[in-house]
Amino acid sequence: MSISGDEVLKTEGLTLHYGGSQILNGIDMTARRGEVTCVMGTNGVGKTSLLKAISGTHPVSGGQVMLERKPVSSASAHALARRGVAYVPQGRDIFPLLSVRENLETGFACLPRAEHRIPNEVFDLFPILKDFLNRRGGDLSGGQQQQLAIARAMITRPRLLLLDEPTEGIQPNIIQQIGRVIEHLRAQAQMAIVLVEQYFNFAYDLGDAFYVLERGAVRMNGRKGTIDRAELLSGVSV
């Protein structure tokens with residue numbers, strides 16, 4: 001078993017542009033195995049852009065992304081997925097016309113054929129998906145789609161799991177379940193989890209390390225126990 005605390009992700013001086021606009025300005029960040037690293041801040045500060053840069057879904061302009069101490073800044077999203085980066089984007093991106101089973105099986109693309117199976121753990125964590133295997137993804141509620149998106153990411157057996165606003169538009173009981181799932185995945189110490197989240201209490205309760213972005217740069221960062229909760233809250237408030 002991997003040792004908790006191993007450095008899985010490191011960014012150094014990461015920059016990103018959309019056209020002529022610079023969105024990220026020299027982001028230095030580390031995420032460790034067996035930990036939840038929370039990226040926080042108000043709307044429009046670059047949180048989603050940071051996940052897109054890390055996942056390879058938007059090219060970086062400068063700086064470095066390291067995955068398990070190997071540079072991957074120029075790798076494609078597909079190549080990074082095969083190397084263990086799973087990205088659950090804001091909006092979930094499930095396939096509405098495919099069944100729940102078919103949506104889950106899209107995760108097989110990152111795995112060798114011998115591992116093309118849906119682990120029982122997925123249904124232990126998300127029992128509703130087992131009941132809805134033949135239901136179309138587009139017929140699920142928002143909370144059920146979020147569960148499906150996280151389950152699909154788990155099937156790829158990631159070493160780095162990127163979650164963008166998993167509580168957005170989700171009913172409270174599903175938020176609690178997603179929190180328990182994140183706690184379970186952290187406790188297994190097989191992956192690093194980067195969580196972008198605006199629901200402060202949810203993020204603070206789960207987080208081991210915190211990065212607060214402002215105008216595309218890290219304004220504040222620290223580990224739980226070394227960073228003041230009130231100061232952190234003020235840093236992410238409008």
Side-chain angles (χ1 to χ4, degrees), residues 35-44 47-52 54-55 57 77 81 85-110 117-158 160-188 190-208 210 236 238:
E35 295 187 356
V36 176
T37 301
C38 294
V39 179
M40 307 170 78
T42 56
N43 281 328
K47 304 186 301 295
T48 292
S49 296
L50 177 59
L51 293 195
K52 288 182 175 180
I54 294 168
S55 64
T57 54
V85 178
Y87 177 34
V88 181
Q90 197 173 15
R92 299 146 206 155
D93 279 3
I94 60 109
F95 297 98
L97 298 181
L98 297 184
S99 69
V100 166
R101 182 190 298 277
E102 289 166 336
N103 267 278
L104 292 171
E105 289 175 347
T106 62
F108 293 168
C110 303
R117 59 182 178 79
I118 301 173
N120 289 331
E121 179 189 27
V122 166
F123 300 126
D124 292 341
L125 294 173
F126 300 112
I128 194 69
L129 298 182
K130 190 170 188 177
D131 297 335
F132 288 172
L133 276 174
N134 296 318
R135 188 170 296 192
R136 291 195 310 182
D139 294 336
L140 303 184
S141 70
Q144 291 161 355
Q145 289 184 7
Q146 185 67 67
Q147 293 177 75
L148 175 57
I150 296 173
R152 180 177 60 186
M154 287 174 54
I155 283 175
T156 69
R157 298 167 178 78
L160 175 63
L161 176 62
L162 309 173
L163 300 173
D164 194 356
E165 303 279 8
T167 70
E168 184 179 49
I170 304 301
Q171 56 268 43
N173 63 314
I174 302 297
I175 289 175
Q176 291 174 0
Q177 183 186 14
I178 289 172
R180 290 192 295 269
V181 168
I182 293 172
E183 288 175 338
H184 170 80
L185 295 176
R186 173 178 59 191
Q188 288 185 317
Q190 294 296 305
M191 66 180 74
I193 301 169
V194 176
L195 171 66
V196 163
E197 183 55 62
Q198 292 211 70
Y199 179 11
F200 181 83
N201 290 336
F202 181 85
Y204 187 79
D205 289 346
L206 287 170
D208 297 292
F210 302 91
V236 302
V238 177

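Model, not experiment: these values are computed from the prediction.
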| message | Please determine whether side chain to side chain contact (heavy atoms under 4.5 Å, CB included) holds for the pair R136 and L98, giving the CA-CA distance in whole Å, both sets of side-chain angles, and the decisive distance to 0.1 Å. | response | CA-CA 5 Å; R136 291 195 310 182; L98 297 184; over 6 Å; no
| said: Show, in sequence, the C-alpha distance, side-chain angles and deciding distance for F132 and R101, and conclude whether the side chain to side chain contact (heavy atoms under 4.5 Å, CB included) test is met. | reply: CA-CA 8 Å; F132 288 172; R101 182 190 298 277; over 6 Å; no
| message | Apply side-chain hydrogen bond (donor to acceptor under 3.5 Å, both in side chains) to residues Q177 and Q171 and explain how you reach the verdict. | response | CA-CA 10 Å; Q177 183 186 14; Q171 56 268 43; over 6 Å; no
| task | Start with the C-alpha gap between R180 and H184, add the side-chain angles, then the distance that decides, and say whether side chain to side chain contact (heavy atoms under 4.5 Å, CB included) holds. | result | CA-CA 6 Å; R180 290 192 295 269; H184 170 80; over 6 Å; no
| said: side chain to side chain contact (heavy atoms under 4.5 Å, CB included), that's the test. Do F126 and V181 meet it? Break it down for me. | reply: CA-CA 9 Å; F126 300 112; V181 168; 3.7 Å; yes
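The environment of CG in N120 is sparse: at most 12 heavy-atom neighbours from other residues, nucleotides or ligands sit within 6.0 Å.
Annotation for G143 and I174: closest pair O-CG2, 3.8 Å, computed over non-hydrogen atoms. Among all heavy-atom pairs drawn from E35 and D208, the shortest one is CA-OD2, 3.2 Å. The heavy-atom pair separating V236 from G41 by the smallest distance is CG1-N, 3.9 Å. Of all the heavy atoms in L140 and Q145, the pair that sits closest is O-NE2, 3.3 Å. Considering every non-hydrogen atom in both N103 and R152, the closest pair reads O-CD, 3.2 Å. Contact between D124 and P127 at its shortest, heavy atoms only, is O-CD, 3.8 Å.
Rounding to the nearest 0.5 Å places CE of M40 at 8.5 Å from CG of L195. Expressed to the nearest 0.5 Å, how far OG1 of T37 lies from CG of L162 amounts to 10.5 Å. In this structure, the separation between CE on M191 and CG on L160 is 9.5 Å, given to the nearest 0.5 Å. To the nearest 0.5 Å, the span separating CG on L206 from CD1 on I193 amounts to 8.5 Å. Here the CD1-SG distance, from I155 to C110, works out to 10.5 Å after rounding to the nearest 0.5 Å. Note that the CG atom of D131 and the CD atom of Q144 stand 10.0 Å from one another [nearest 0.5 Å].
Using a 4.5 Å heavy-atom threshold, the side chains of V194 and L163 count as separate. Within the 4.5 Å cutoff, the side chain of V100 has no heavy atoms near those of the N134 side chain. Side-chain contact between I118 and F123: present, with at least one pair of heavy atoms (C-beta onward) separated by less than 4.5 Å. Between L104 and L133, the closest side-chain pair of non-hydrogen atoms falls below 4.5 Å.
In this structure, the side chain of E102 engages the main chain of S99 through a donor-acceptor pair within 3.5 Å.
Side-chain atoms of E165 and Q146 form no donor-acceptor pair, as typed in the model, at a separation below 3.5 Å. For the residue pair D164/T48, the side-chain donor-acceptor check at 3.5 Å is satisfied.
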Using a 3.5 Å cut-off and no angle test, enumerate the donor-acceptor pairs between side-chain atoms of residues 197-205 and protein atoms at least two apart in sequence or in another chain.
from	atom 1	to	atom 2	distance (Å)
E197	OE1	T167	OG1	3.2
E197	OE2	T167	OG1	2.7
E197	OE2	Y199	N	2.9
Q198	NE2	N43	OD1	2.6
N201	OD1	R229	NH2	2.7

